[in-house]
Amino acid sequence: MAPIIKTEKLNHLYSAGTPFERLAIKDIDFEAEQGEFIGIIGHTGSGKSTFIQHLNGLLKPTSGKVLFNDTDIWESKAYVRDVRFKVGLVFQYPEYQLFEETVYKDIAFGPKNMRLTENEIDLRVHEAADFVGIEHELLDKSPFELSGGQKRRIAIAGVIAMRPDILILDEPTAGLDPRGRDMIIGNIRSYHEKMKSTVILVTHNMEEIARSVQRLVVFESGSILMNGTPAEIFMQGDKLQKIGLAVPEITRVIMRLRELGLPLNPSIFTVEQATEALLNLKGGRKRA
Amino acid sequence: MLRDITLGQFFPGKTLIHNLDPRTKLIFTVIYFVALFISGSFVSYAIILVFLSVCITISHIRLKVIMKGMKPLLIIIVMTSILNLFYTKGEPIVSFWIIKLTYEGIRNALFMILRIFLLITGTFLLTYTTSPMQLTDGLESLLSPLKKIKVPVHELSMMMSIALRFIPTLIEETDKIMSAQKARGADFETGNLIQKAKAMLPLLIPLFISAFRRADELAVAMECRCYHGGAGRTKLKRLVMKNRDFLALMAGAVLFGITLLFNSLGI
C-alpha cells in the first residue's frame, strides 16, 4: 500500500539570510500508512512542532517535498488548501483559539470553511461532539463559560469535525489533570478505531504513548533518531536517556528487575504487560 | 513573516555609546534634532553627517543594519523629494511642458533627503544602542519634575516598559493563532475589504482574550511582589551621570553651536 503521507529530504530554515538563521529540521524522510497510529517524541526544540506544520502545508519547506496521496502538496494553491482540511492539525493549548459565541459555532468553523451544506455541518458538529464526549446541551453555551478540559476537547472537536484523513495532535494533554488526560487519549483512540484514519500524536508522556501507538518516531536536533515499534524503541533505554528522554516508568522497573537477575522480557512497557509477566514468572516458579 | 519586524530593535554591545547614560542619549538626541531642523546650509549638514558617522563607527552598528531599517521609509523619502523638486518656486533651469526644474527645487529636495535620512538614522542609533528598559528609565528620570504638577510619571513609564516588553510576546501569539485558524481553513488573504475584516475576527478575539489574561496574570504577579506604584520605590540599577556623559553633552553643545554658526554665515 502506498503511504498516505510522505516527506522527502525535508529541510526548514528559520529566519533565512539573517544572523538568527537556524536549521530547524534537516533531511527528514518520513512515511505514514493509512490507518496507522504514530507517536512522535523528542525534546523541546527538537523540530517536531516544525515538522508537523509541514504536513498540512502551514510551513513551506526550504527544500524537500511533502507528498499527500503521492501528490506534492505545494503543486497548486488550491491543493494546499484542500490538504489543510484532509490533514487536521490540533496545536498545543488549542483552547486559546476558541472565538465563537457558542460551542456549536466554534466546532462548525472548519466545516463551514469547507463550504459544506447546513445539514452536513450539523451532522458533523454532533458527531465531533460525541467523539470528544461533549454533551449536546453544552453546544449552545459560550465556550468561555466551560472548564479548561472541556475547552480543550471542544477545540479538538473543531478539527475532528472536518473528518481529516490524518489527525495530528501536538501535546493534546499538556497541563491537564490525570482524568482529563485519560479522557482525551480515550477520545483520540476511539476516533482512530472508528474512522480508520491515520493519527499522529506528539507528546512528552511516555506512558500514554506506550499504550496507544503502533509506531514511534524519535526526534533529536532536527533529525529522526529512531523509528520503530514502542517495544523496539524502549528496549534502547540508554539511547533515549542519552538525549534526555525517559522510558516509561514500568520499563525502568523491569530493567532493574532484569539487572537483579529475573528473566523478564525487556520489551515490556505497560503495567498490564508487567503484571502478566510477573504473574507468569511467579506461577512458573511454583510449578518448578 | 511577522517575526522579522525590526521596530526599535536593540543590539546589545559594550561600546562608549552603549555605555552612556540613557538620559544623556535622550538629551543628546533632542539637541541633534533641533540642530538638524535649524540647519539650512550644505556645510552644516555635512558637519552633522560627519558627526553621525563618527557616532555610528564608535557604536559598531553595521551600516547594513541601518540601511535595512531605512527600506520601508524609502517611499516617503522619494515622495517628499519629488514634491520638493517640482513645487518649489524659483529660477527655472529646465522647463518642459508644465514641469519646471528650479535651482531652489533641487536644493530643497536634496536637503529634504538629507534631513529625513539624518533624522531617522539618529533615532535608529538611539534605539539600537539603548535597551527599552534603559530608555523608559531615562525618560522617567527626565520627566520626574512633572511629578510636582501631579503627572503620574512613574506609572506612565511602567506602562511603556510593559507595552514594549509584550510586543514580541503578542507577535508570537498572533503567529500561533493565525496558524491554528489556518489549519481549520481560515483564509486571511483573499476577498474584498469587508470579507478580509471579517476574516480577522477568529484572530482578534483569541488575541484580545489572551492579552487580557496576560494583563491579569501580570497584575497578580506584581501584587505578589508588593508593587504599589512609584512612591518610595528604589532601583537596582540607578542612573548615574559619569564624566563621559558630561563630555558627550558638551560635544552636543559644540555641535549645536557650530551648526548655528555656519547657518548664520549662510554657507
Side-chain angles (χ1 to χ4, degrees), chain A residues 14-20 49-50 52-53 55-60 77-78 80-101 105-116 142-144 151 155-162 164 167-170, chain B residues 1-6 9-13 60-69 71 128 168-191 195-217:
Chain A
Y14 274 124
S15 312
T18 71
F20 308 104
S49 290
T50 308
I52 55 172
Q53 287 186 57
L55 298 183
N56 73 341
L58 277 177
L59 289 178
K60 196 170 185 175
K77 244 188 168 172
V80 181
R81 208 172 140 73
D82 206 34
V83 165
R84 294 230 174 110
F85 297 125
K86 299 232 167 85
V87 182
L89 176 56
V90 180
F91 275 82
Q92 266 178 52
Y93 298 99
E95 60 272 28
Y96 294 148
Q97 306 138 23
L98 301 176
F99 68 97
E100 277 286 8
E101 296 155 58
K105 280 191 190 167
D106 214 292
I107 300 179
F109 182 65
K112 227 177 181 168
N113 285 329
M114 294 168 84
R115 313 243 153 84
L116 299 174
S142 160
F144 303 108
K151 277 191 210 165
I156 295 175
V159 174
I160 285 181
M162 303 191 299
L167 179 66
I168 308 172
L169 302 108
D170 194 353
Chain B
M1 217 39 190
L2 279 169
R3 244 170 262 243
D4 298 331
I5 292 176
T6 55
Q9 210 179 38
F10 168 58
F11 292 97
H60 287 300
I61 299 286
R62 273 181 301 168
L63 212 58
K64 220 171 109 188
V65 177
I66 292 176
M67 286 305 160
K68 215 181 148 197
K71 243 185 210 162
Y128 282 166
T169 314
L170 287 177
I171 288 176
E172 207 177 287
E173 188 107 3
T174 313
D175 244 7
K176 233 194 256 165
I177 298 171
M178 230 165 157
S179 305
Q181 307 298 26
K182 269 193 203 159
R184 292 206 279 165
D187 184 2
F188 295 109
E189 277 117 39
T190 53
Q195 281 169 332
K196 264 189 192 164
K198 261 191 174 165
M200 292 306 270
L201 275 184
L203 172 63
L204 288 180
I205 293 174
L207 195 61
F208 268 84
I209 291 169
S210 101
F212 277 110
R213 198 187 63 242
R214 279 181 201 284
D216 194 43
E217 281 168 6

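So you know, we letter chains A, B, ... as the sequences are listed, proteins then strands, and number each from 1.
With a 4.5 Å cut-off on non-hydrogen atoms, A/Gln53 touches chain B through its side chain but not through its backbone. If you measure heavy-atom distances from B/Ser179 to chain A, the contacts under 4.5 Å come from both the backbone and the side chain.
With values rounded to the nearest 0.5 angstrom, B/Lys182 atom NZ is found 6.5 Å from A/Leu58 atom CG. Remark: A/Asn113 CG to B/Gln181 CD distance equals 9.0 Å, nearest 0.5 Å.
Under 4.0 Å is where a charged nitrogen must lie from a carboxylate oxygen, and between A/Arg84 and B/Asp187 no such pair does.
When all heavy atoms of B/Arg184 and A/Gln97 are compared, the pair lying nearest together is NH2-O, 4.1 Å.
Taking A/Phe109 as the reference, A/Phe99 meet the ring pair (Phe, Tyr, Trp, His ring centres under 6.0 Å) condition, with sequence neighbours excluded. Partners of A/Tyr96 by ring pair (Phe, Tyr, Trp, His ring centres under 6.0 Å), not counting sequence neighbours: none found.
For the set B/Pro206, B/Pro202, B/Ser210, the count of heavy-atom pairs under 4.5 angstrom toward chain A peaks at B/Pro202.
Surrounding CZ of B/Phe208 are at most 12 heavy atoms belonging to other residues, nucleotides or ligands under 6.0 Å away.
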